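Written out below as structure tokens is the structure these notes cover.
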Amino acid sequence: MMNLLRGVMGAPSAGPQPSGAETIQKLCDRVASSTLLDDRRDAVRALKSLSKKYRLEVGSQAMDHLINVLQTDRSDSEIIGYALDTLYNVISNDMEEQEENTQVQGDELSSQFAEIFIKQQDNITLLLSLLEEFDFHVRWPGVKLLTSLLKQQGSPVQQIILVSPMGVSRLMDLLADSREVIRNDGLLLLQQLTRSNAAIQKIVAFENAFERLLDIVTDEGNSDGGIVVEDCLLLLLNLLKNNNSNQNFFKEGSYIQRMKPWFEVGDDNSGWSAQKVTNLHLMLQLVRVLVSPMNPPGATSTCQKSMFQCGLLQQLCTILMATGVPADILTETINTVSEVIRGCQINQDYFSSVNAPSNPPRPAIVVLLMSMVNERQPFVLRCAVLYCFQCFLYKNQKGQGEIVSTLLPSTIDANSVSAGQLLCGGLFSTDSLSNWCAAVALAHALQENSTQKEQLLRVQLATSIGNPPVSLLQQCTNILSQGDKIDRRGSKVQTRVGLLMLLCTWLSNCPIAVAHFLHNPRNVPFLTGQISENLGEEEQLVQGLCALLLGISIYYNDNSLEDNTKEKLKQLIEKRIGKENFTEKLGFISKHELYSKAAQKPQPNFSSPDHMIFDHEFTKLVKELEAVIIKAIYKSSEEDKKEEEVKKTLEQHDNIMSHYKTVIREQDMQIEELKQEVASLKCQTEQFQTTVSQQLIQIQQHKDQYNVLKIQLGKDTQHHSSPSDSSQMNGFQSEELSRLREEIDDLKKQKEAFQGQLAEKDGLIESMKSAQLEVRNLKQSTEGSEAVGPGQPEELRREVETFRAQMQTQSMEINRLQTERQELLQKIETMTASSNSTPGEIDTAATARNAELETRLTAALQEIKVLKEEVQALSNEKISFKQQLDSSNSTVLILQNEKSKLEQEVVDSKKEQDDLLVLLADQDQKIYSLKSKLKELGEPVRYTNIYVEDEDDLESGDQGDDDDDEDDNELGE
């Protein structure tokens, strides 16, 4: 006790002090052997206090004991927290005051301890399970320890977590922790976890990471937030960079729209904090990750369109044109806008319409080009503007035409500065970097656009007062030939390389430009002289580019100039340079150290102005033309002729194909038009048919009305003429014979009319017969239904009987009408025979009989109609009765099934009862035998709470049991 007090109070002890290793060894023994939890906790606490100073000793001696504590003492959060802190101090290397050598040694020590810890994969699984504890003193040191392990041994720990059940999901739960310290350290942990591991990145993304991270960024204030926003953005970059699956998930989840508020910048942009600059820089990088040229073209295009539709591109252009924006943010914004518009026509069109807030307003492209050709601007800003201009012209023939048109004489405006004027000014300035940037920018205006290459040949430049203007092509070759004579700032090679790249791009695949170039007699000797000379390493690149330009002049030569045909130029190379030497000089381009770097990415990313030599698109042109130029140089004249013939044949074939394609396209258009016409004509035909059918119905109705009126008119005429006829036939005067003959003719006509009416009546009778047949069929079906459904109601049967009686009455009426028809026919024949004697009487009788027949027919038709309606009603009732019968039959079947099941259950229960009765009988027999034995032994027998001591009572009791058994058997039966 006194030694302990001396240690606490600081008094010197009598004996020698133990070393740190000995103390740690004693503490480890105490942790391993103590049975009391308090003793082990104190020992672990002491190890924690020594772990920073004695990392090596604690790590080498106590690690196994600490891991054992994590496994056995999980119920005590305090000792678990001490153990995790101790392991963290051993594995991490966060000592700030270390020297450089000590720092390196500490890193090696941390890596070794981390490797020892993860040798047992169960240790990582144990650590993941401890992270589920909500206790702050357990969860926080656990997060820090796992983060340190990922820093030291990232890939192995990632693989262990990946195969651990719910390993990533447990770590994602840290983002939902209400304690900001754990949530923020959880972000750092997920950053280390998702680094360079696509599988874990996908799992984290599908654990709703995007939603959670964007919510945190919004809650923290977007770009105005603190270090937490930076950590969220770094994690988002890890998840999205070079991961096409996560990029598609981010785009399809409509998370691009949530990025727009990040770039809302106010009017006052002065005094940006360093954290805001960092946050906005990461946000711009995140946008660039989604639209990077290295991504699949389809995914990039979709993201570009989404950014335009949600207004993100407009917001970026607002920052681009704003004042007071820090230079590095402005540079990154220009690069971001470049990749958002690259190859997307909609975005490129919008960017061309953006104006800077100046007086008068100027296009944003002009303002950016002014920065590019201004040598006082930062180098990285000038590179960003060049990249933006290149992306604006990439696959944008419309934009290329707009830029070239500003150079043409007819469109030059003296009162305003145009893009073409700025490019020419930069091309011919004394700053070599401006020369290179302007030459590359102008080359992109001609990229894969033969029309603009020909248009640029029209550009004329006024070099000095009093001298005639020269073409732009000639001025470029003049500057190239002057070489070192012009005093320039910067690299002189850079200017010539830029001009040669412009000329190679201009002449490639444009025979007219090649003819203009060769038309100047000084150009070919200058190129051959440059190629044949033996210059230093700096000039070798210029020689290679001159060889490339001369090769393009041969390959795309259409032999329009007699002095500079393909064959003569090849002979010139063979005599002045040599084919092998020409090939060697041409190979200097692709062998240059800066060539491969420029070929990797479209963005001009140079560490210094001296390294700004090659353009990305130009490297693609060299790769395409180098082999074909060498092949063209070594070809003989006969091969050239054959090749020219083949080219002509191919051109003719292409012309024929294009002609046929045009014809087919026109025919397709005509077919589409004809299809549309046919469709419209079909619609019109259907309308006409509908109209015709309606008109036919109306005509038929009019005919029927006309016939009815005609019949009525005939009846009236007969009524009026019959008295006069009868009066005239009372006397037979000679002067009235002519009138009688006329009346006979009228009677004949009336006879014909009667015959027509009789034909109509025949039709009516036939229709009545068919109706009678239908009624009979219905009767038969009704009888059949009665046979099928004997349980129909009595009311339905009575209705059917009534219907049968009506049918018989109707049949009798029809027979009577037929007989009357026969009588009428006989009377007509009689009237025909006696028409000279009694025409009036016949007409009167026929008319009366006809009227009577019509009334009867009308009544019969009305009755038939009523009967049909009744038959329809009966058939409907029949259908309903059938449905009811079917439902009742199904119910009966269900009940029968249930009845059979119940009967089966009754039978089973009877069998069980019989078995039980048999068992009871056996049991009673055993009881009886036992009672008999007890009685023989003289023991009293208890039976239903009564001691039976004599044999008579026992027998009477047994008899009662037998009676009971018989009663039970009877009940069971």
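Remember, it's a predicted structure, so these values are computed and weren't measured experimentally. In this chain, residues are counted from 1 in sequence order.
Between Q348 and G343, the shortest heavy-atom distance links the atoms NE2-N, 3.2 Å. Contact between L237 and V289 at its shortest, heavy atoms only, is CD2-CG2, 3.8 Å. Heavy atoms only, all atoms of each residue included: I216 and C232 are closest at CG2-SG, 3.5 Å. Among all heavy-atom pairs drawn from A205 and F249, the shortest one is O-CE2, 3.4 Å. Of all heavy-atom pairs spanning I552 and I629, the tightest one is N-CD1, 3.8 Å.
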Check: Do I334 and Y387 pass the side chain to side chain contact (heavy atoms under 4.5 Å, CB included) test, and can you show the C-alpha distance, the side-chain angles, and the key distance before you say yes or no?
Finding: CA-CA 8 Å; I334 294 172; Y387 184 45; over 6 Å; no

Margin query: Could you go through F263 and L280, starting from their C-alpha distance and side-chain angles, then the distance that decides it, and tell me whether this counts as side chain to side chain contact (heavy atoms under 4.5 Å, CB included)?
Written below: CA-CA 8 Å; F263 306 102; L280 202 56; 3.8 Å; yes

Item checked: Candidate pair Q400 and N449, rule side-chain hydrogen bond (donor to acceptor under 3.5 Å, both in side chains), full reasoning -> CA-CA 8 Å; Q400 291 175 330; N449 196 330; 2.7 Å; yes

Item checked: L386/R382 under side chain to side chain contact (heavy atoms under 4.5 Å, CB included): CA gap, chis, key distance, verdict -> CA-CA 6 Å; L386 175 61; R382 298 174 74 181; over 6 Å; no

Note to self: Apply side-chain hydrogen bond (donor to acceptor under 3.5 Å, both in side chains) to residues N335 and E339 and explain how you reach the verdict.
What the structure shows: CA-CA 7 Å; N335 288 326; E339 294 182 352; over 6 Å; no

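Contact check for Y350 versus I346: no side-chain heavy atoms found under the 4.5 Å cut-off. For the pair C388/F351, a side-chain contact is recorded, criterion being any heavy-atom separation below 4.5 Å from C-beta on. Residues F308 and Q314 are in side-chain contact: their nearest non-hydrogen atoms beyond the backbone lie under 4.5 Å apart. Proximity of T300 to S292: side-chain heavy atoms (C-beta onward) are nowhere separated by under 4.5 Å. At least one side-chain heavy atom of Y595 sits less than 4.5 Å from a side-chain heavy atom of V622. In this structure, the side chains of T278 and I227 stay at 4.5 Å or more apart for every pair of heavy atoms.
Every residue two or more places apart in sequence or in another chain was checked for a ring-ring contact (aromatic ring centres under 6.0 Å, His included) with H616, and none qualifies. Contacts of L131 classified as side-chain contact (heavy atoms from CB on, under 4.5 Å), with partners at least two apart in sequence or in another chain: L128, V143, L146, L171. Scored by the side-chain contact (heavy atoms from CB on, under 4.5 Å) test, S273 finds Q275, K276 as partners (sequence neighbours excluded). In this view, A598 and F614, T619 satisfy the side-chain contact (heavy atoms from CB on, under 4.5 Å) rule, not counting sequence neighbours. For D177, the salt bridge (Lys or Arg N to Asp or Glu O under 4.0 Å) partners are R139, R179, not counting sequence neighbours.
The side chain to side chain donor-acceptor pair (under 3.5 Å) analysis of residues 240-253, with sequence neighbours excluded, yields the pairs Q201-N243, Q247-N295.
Using modelled atom types and a 3.5 Å distance limit, the side chains of D610 and Q494 yield no donor-acceptor pair. Residues R183 and S178 bring no donor and acceptor atom of their side chains to less than 3.5 Å of each other. Donor-acceptor pairing under 3.5 Å is recorded for the side chains of Q153 and S111.
Using a 4.0 Å cut-off between a side-chain N of Lys or Arg and a carboxylate O of Asp or Glu, R288 and E332 qualify as a salt bridge.
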